[in-house]
Amino acid sequence: MNLLFICSQNKRRSLTAEKIFDGYHGHRAFSAGTESNARIKVTPGLLKRADIIFCMEKKHVRRLREKYPDIVGEKEMVCLNISDDYGFMDRELQEILKDCVYEHI
């Protein structure tokens with residue numbers, strides 16, 4: 001299964017999630033950001049490839065639905081409700097991600 005993790009900048013939360021879940025039980029994980037200055041910006045191609053899209057906050061879900069309604073309308077989207085309070089690979093962030101994501105994969 002292809003998992004796509006979305007946050008704003010793609011520097012901390014979604015990138016951490018990609019590192020944790022890429023290769024887990026054969027899943028492929030990717031990450032991107034919704035902001036114009038994101039490390040990797042979300043694209044239609046990334047969205048189309050995803051089997052499940054995990055967004056860190058409700059604003060990310062809203063942005064994807066507004067900008068790419070034809071692509072994400074039929075995709076499973078999960079809002080993890082993880083605020084931007086953690087550094088890249090922060091231990092607490094890793095635990096929260098594992099607790100939230102495992103139940104969906």
Side-chain angles (χ1 to χ4, degrees):
M1 194 166 15
N2 290 320
L3 314 174
L4 177 59
F5 295 92
I6 301 290
C7 70
S8 298
Q9 301 288 322
N10 186 230
K11 294 178 182 173
R12 300 187 299 210
R13 294 173 290 174
S14 61
L15 186 57
T16 297
E18 177 183 347
K19 300 297 183 197
I20 292 171
F21 295 104
D22 192 37
Y24 175 78
H25 287 260
H27 298 303
R28 294 286 322 265
F30 306 91
S31 64
T34 58
E35 298 292 327
S36 59
N37 61 344
R39 189 183 68 84
I40 294 176
K41 188 157 171 48
V42 66
T43 64
L46 283 173
L47 293 169
K48 288 177 185 175
R49 181 188 310 174
D51 295 305
I52 304 176
I53 301 168
F54 293 94
C55 295
M56 297 299 154
E57 298 177 56
K58 290 179 184 175
K59 68 181 179 182
H60 303 123
V61 173
R62 187 174 55 253
R63 288 175 187 163
L64 294 181
R65 286 192 175 139
E66 288 172 359
K67 190 165 183 179
Y68 306 101
D70 295 342
I71 299 172
V72 301
E74 304 197 8
K75 298 279 185 177
E76 181 178 355
M77 292 181 68
V78 176
C79 182
L80 300 173
N81 293 308
I82 300 174
S83 59
D84 194 10
D85 298 328
Y86 305 95
F88 174 65
M89 296 304 286
D90 181 286
R91 286 189 190 274
E92 185 177 354
L93 174 60
Q94 290 183 52
E95 292 305 314
I96 293 168
L97 285 165
K98 290 174 186 176
D99 287 345
C100 293
V101 173
Y102 283 154
E103 66 185 84
H104 296 282
I105 58 174

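Bear in mind the structure is a predicted one, so any value in this text is a computation, not a measurement.
In this structure the side chain of M77 reaches within 4.5 angstrom of the side chain of C55, judged on heavy atoms. At a threshold of 4.5 Å between non-hydrogen side-chain atoms, the residues E76 and D51 do not count as touching. No side-chain heavy atom of H27 sits less than 4.5 Å from a side-chain heavy atom of N2. Under the 4.5 Å side-chain criterion, counting only non-hydrogen atoms from C-beta, L97 is in contact with M56. Residues Q94 and I20 meet the side-chain proximity criterion, which asks for heavy atoms closer than 4.5 Å. Between D90 and T16 the shortest side-chain heavy-atom distance does not fall below 4.5 Å.
Here N81 contributes atom CG and K58 contributes atom NZ; the two are 5.5 Å apart, rounded to the nearest 0.5 Å. Separation of atoms OG (S83) and CZ (R13) is listed at 7.0 Å; rounding is to 0.5 Å. With rounding to the nearest 0.5 angstrom, the CG atom of D70 is 9.5 Å from the NZ atom of K48. Between R62 atom CZ and T34 atom OG1 the span is 10.0 Å, to the nearest 0.5 Å. How far SG of C100 is from CD of E95: 11.0 Å, rounded to the nearest 0.5 Å. How far CZ of R49 is from CG of L3: 12.0 Å, rounded to the nearest 0.5 Å.
Note: the hydrophobic cluster containing F88 does not contain L4 (ILVMFWY, side chain heavy atoms under 4.5 Å, direct or indirect links). Grouping the Ile, Leu, Val, Met, Phe, Trp and Tyr side chains by contacts below 4.5 angstrom, directly or via other members, places V78 apart from V42. A single hydrophobic cluster is seen to contain both V101 and Y86, as judged by linkage of ILVMFWY side chains at heavy-atom distances under 4.5 Å, directly or through other members. Tracing side-chain contacts under 4.5 Å through hydrophobic residues (I, L, V, M, F, W, Y), one reaches Y24 starting from L80; they form part of the same cluster. Both V61 and L64 are part of a single hydrophobic cluster, where members link through side-chain heavy atoms under 4.5 Å apart.
Of the charged side-chain nitrogens involved, at least one lies within less than 4.0 Å of a carboxylate oxygen, so that E35 and R63 count as a salt-bridged pair.
Counted within 6.0 Å of NZ on K98, heavy atoms from surrounding residues, nucleotides or ligands total more than 12; the atom is thus considered enclosed.
The minimum heavy-atom distance between F21 and A29, with the atom names listed, is C-CB, 3.8 Å. The nearest pair of heavy atoms linking T43 to Y68 is CA-OH, 4.3 Å. Of all non-hydrogen atoms in C7 and S14, the two that sit nearest each other are SG-OG, 3.1 Å. Nearest heavy atoms, K59 versus S8: CE-OG, 3.7 Å. Minimum heavy-atom separation, C79 to E57: SG-C, 3.5 Å.
At least one donor-acceptor pair closer than 3.5 Å links the side chain of R39 to the backbone N or O of N10. Distance alone, capped at 3.5 Å, is enough to place a donor-acceptor pair between the K75 side chain and the A50 backbone.
Between F54 and F30, a ring centre-to-centre spacing not shorter than 6.0 Å is recorded.
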